[in-house]
Amino acid sequence: METILGIDLGTTNSEVSVIRDHDIVVIEKEGRRLLPSVVGIDPAGNLLVGHPAKNQAILYPERTVKSIKRKMGEDVHIRLGDKEYTPPEISAMILRTLRAYAEESLGQKVTKAVITVPAFFNDTQREATRLAGELAGLDVVRIINEPTAASLVYNTSSDERETLLVYDLGGGTFDVSVVRVEEGVLEVLASHGDTHLGGDDFDQLLFDYVCDTFKKQHKVDLRDTPVAVSRVLQAVEEAKKRLSTEPFTQIKEEFIAEKDGASLHLDMELSRQQYEEQILPLLEKTLTCLNDALNDAHLHPNDIDKVIMVGGASRTPLVHQLLESRLGNKLHGEIDPDLCVTMGAAVQGGLISGAEIGRVLIDITPHTLGTSVFDDWVGSPYVFSPIIKRNTPIPCSRSNVYGTMHDNQQAVEVAVFQGESNDVRHNVMIGNFRLDGLAKVPRGNQIVCQFDLDINGILHVTATEKSTGLAGNITVENVLTEHKPQADESFKEHLKSFFAEREMDSDEPVIDVETGSETTDSKNFAIQAGLTDGWDKRYEKEVALIYRVADFISKTTGDDRTEIETRTKELINAINRNDSDQAGSIASQLEDLLYYLEDSV
Ligand code: AMP
């Protein structure tokens with residue numbers, strides 16, 4: 001079988017992969033799979049591509065070219081040392097390097113490639129990319145859109161019609177695309193983005209924050225020394241990545257500057273919350289693009305079946321949070337977001353050469369794991385705080401910080417839950433322990449809760465009082481299998497209490513949850529209930545739906561029943577939280593579900 005390379009020629013990083021024995025293999029060089037898309041000439045006149053070029057960028061900006069992808073298709077010449085090059089010539093240097101890595105790893109010559117480009121690239125930009133491939137000695141058998149490539153990896157064998165939203169937040173660019181998959185054909189319905197928005201901007205915000213704080217402390221501006229700039233930039237990027245899994249991080253760089261003959265050290269703590277406040281306005285811009293893409297495709301958030309997370313910066317937890325509240329709980333980032341596009345290009349190459357490609361198998365946790373918190377805003381002690389979300393590749397570690405509720409609180413109870421509901425009473429408690437002997441301090445004493453999940457499904461949970469290091473822990477086994485909840489009874493109780501609250505002062509008949517029977521038209525009754533007992537009129541439709549469920553639930557069994565129950569519980573929780581967006585989104589899913597099931601019974 002002919003080998004066709006799948007190449008993601010990115011703005012920040014580039015990657016290459018191939019199909020081998022039905023599997024997608026991403027090519028590694030010295031343990032690294034990302035090649036920085038940076039080209040340089042060192043002072044001795046040697047060509048540098050990738051990491052060495054990236055390393056010299058701050059010291060020799062005039063000898064280094066970054067983000068050449070932004071110039072593809074433009075009629076410009078770029079000076080590199082004492083020579084000038086066109087954008088395709090610079091890109092060809094990156095492609096040649098990737099090709100050499102692949103040939104070295106495969107032990108054979110390779111001449112064909114599929115290369116990806118952003119969906120918004122015009123013909124000139126696509127032609128420039130093809131030319132770059134040719135200059136690198138490659139026959140470019142296909143140029144495909146990046147969101148199409150990402151969708152191919154998540155949807156290699158499905159014949160079902162699916163609508164995917166690909167959210168691609170890289171180092172320097174952001175794209176969001178709506179992709180329709182039908183009978184194996186993928187079509188980009190709409191695409192929006194910002195060619196100057198990405199993780200590098202987050203680094204810049206942190207960089208400025210660190211430099212400003214340092215300047216206030218020491219009256220020295222780190223921006224004045226190129227080496228210090230380079231070190232701080234690298235340090236904040238690493239810190240930013242750690243904040244994707246930890247609530248706090250330390251930025252430490254020794255001997256970063258000098259003042260009056262004395263050395264100065266950088267040593268600063270940064271919290272995820274501080275970081276998120278800084279990047280929120282940038283992430284809101286991505287949501288505007290997302291709305292534009294949905295509008296262009298004439299679709300509603302509920303029409304999206306899967307959200308595919310692509311690009312290194314899409315790992316940012318705040319991105320997940322914002323997308324979940326906009327689109328619901330259907331995010332997929334289990335395939336490495338840095339490698340998804342190159343892998344899709346390899347799949348396309350495999351399809352062209354006739355290779356059989358199996359499903360991409362990744363060890364993930366199929367259920368969300370988290371703890372319970374008292375949420376002041378919701379006013380409930382049963383709020384689920386997810387720590388490791390379902391579909392997270394394992395092994396993995398994640399931590400969150402929580403505050404004590406009372407002054408001088410001496411202990412906290414840490415309960416570990418498995419499940420998807422926002423209300424822990426509908427999830428399953430799989431372990432708990434008490435951390436005693438906390439410092440006598442005002443409320444808000446920070447407790448860091450860390451979950452470490454290994455490949456065998458063993459979960460280690462540690463709770464640590466941040467100020468003293470006092471810690472407690474527990475180990476729970478078999479967390480990858482589903483721990484069965486007390487489903488039926490709890491659902492009935494849930495529905496009963498939902499109706500009871502609404503029917504307290506009403507003469508209307510009560511639905512019998514056991515049998516689903518009632519004497520008046522449930523829709524009308526629900527609407528009245530919604531109107532008369534002070535519940536926000538906005539939820540009329542949702543309340544009516546819950547009555548419809550009560551009517552219907554006894555006719556369902558198995559997975560259908562579990563699915564309806566789960567959605568209904570989520571809907572009730574959303575109404576109780578007064579979260580109208582979430583309630584609307586869940587109601588619409590529930591409505592679809594009922595529609596199909598009512599039809600089939
Ligand atoms: P890409 O252009 O897709 O290679 O993405 C590169 C960007 O993703 C850079 O800004 C990285 O700093 C960022 N990135 C990589 N890993 C993470 C992470 N774990 N959390 C947040 N950002 C990350």
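Only a predicted model underlies this, so the values are computations on that prediction, with no experimental measurement involved. Just so you know, ligand 1 is whichever comes first in the structure, and atom 1 is the first atom listed for that ligand. All residue numbers in this chain count up from 1 along the given sequence. All values below come from the heavy atoms of this structure, side chains included, with hydrogens, waters and symmetry mates left out.
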Has ligand 1 got any nitrogen or oxygen that is less than 3.5 angstrom from a nitrogen or oxygen of G312?
-> yes
Is it the case that K466 places NZ or CZ above or below the six-membered ring of F248, under 6.0 angstrom from the centre and within 45 degrees of the axis?
-> yes
Do T11 and S37 have side chains that get closer than 4.5 Å, going by heavy atoms?
-> no
Atom indices of ligand 1 within 4.0 angstrom of D338 heavy atoms, with elements = 1 (P), 3 (O), 4 (O), 5 (O)
Are the side chain of R70 and the backbone of G172 linked by a donor-acceptor contact shorter than 3.5 Å?
-> yes
What atoms of ligand 1 come within less than 4.0 Å of a heavy atom belonging to T12?
-> 2 (O)
Considering the heavy atoms of G311, write down every atom of ligand 1 situated less than 4.0 Å from one of them.
-> 3 (O)
Options E238, E237, K240, ranked by nearest heavy atom to atom 10 (O) of ligand 1, top entry | K240
So is S244 polar-close to ligand 1, meaning N/O to N/O under 3.5 Å?
-> yes
State whether R223 and D212 are salt-bridged, where the test is any N-O pair (Lys NZ or Arg NE/NH1/NH2 against Asp/Glu carboxylate O) under 4.0 Å.
-> yes
Student check: side-chain heavy atoms of L323 and L165 closer than 4.5 Å | no
For ligand 1, which atoms have a heavy atom of G170 less than 4.0 angstrom away?
-> 1 (P), 2 (O), 3 (O), 5 (O), 7 (C)
May I ask you to decide if D42's main-chain N or O and R63's side chain share a donor-acceptor pair within less than 3.5 Å?
-> yes
Have a look at G199, S314, G172, A313 and point out the one with the heavy atom closest to atom 8 (O) of ligand 1.
-> A313
Could you tell me whether a side-chain N or O of T286 sits under 3.5 Å from a main-chain N or O of L283, the two making a donor and an acceptor?
-> yes
Does an N or O anywhere in T316 fall below 3.5 Å from an N or O of ligand 1?
-> no
If you scan protein heavy atoms around atom 4 (O) of ligand 1, the nearest is N13 ND2, 2.8 Å
Interfacing atoms of ligand 1 (cut-off 4.0 Å, heavy-atom, D200) | 10 (O)
So is there a nitrogen or oxygen of R315 less than 3.5 Å from a nitrogen or oxygen in ligand 1?
-> yes
Is any N or O atom of G171, backbone or side chain, closer than 3.5 Å to an N or O atom of ligand 1?
-> yes
Could you go through the side-chain contact (heavy atoms from CB on, under 4.5 Å) check for S151 and V166 one step at a time?
-> CA-CA 8 Å; S151 309; V166 182; 3.7 Å; yes
Backbone of T371 reached by a side-chain donor or acceptor of S385 within 3.5 Å = no
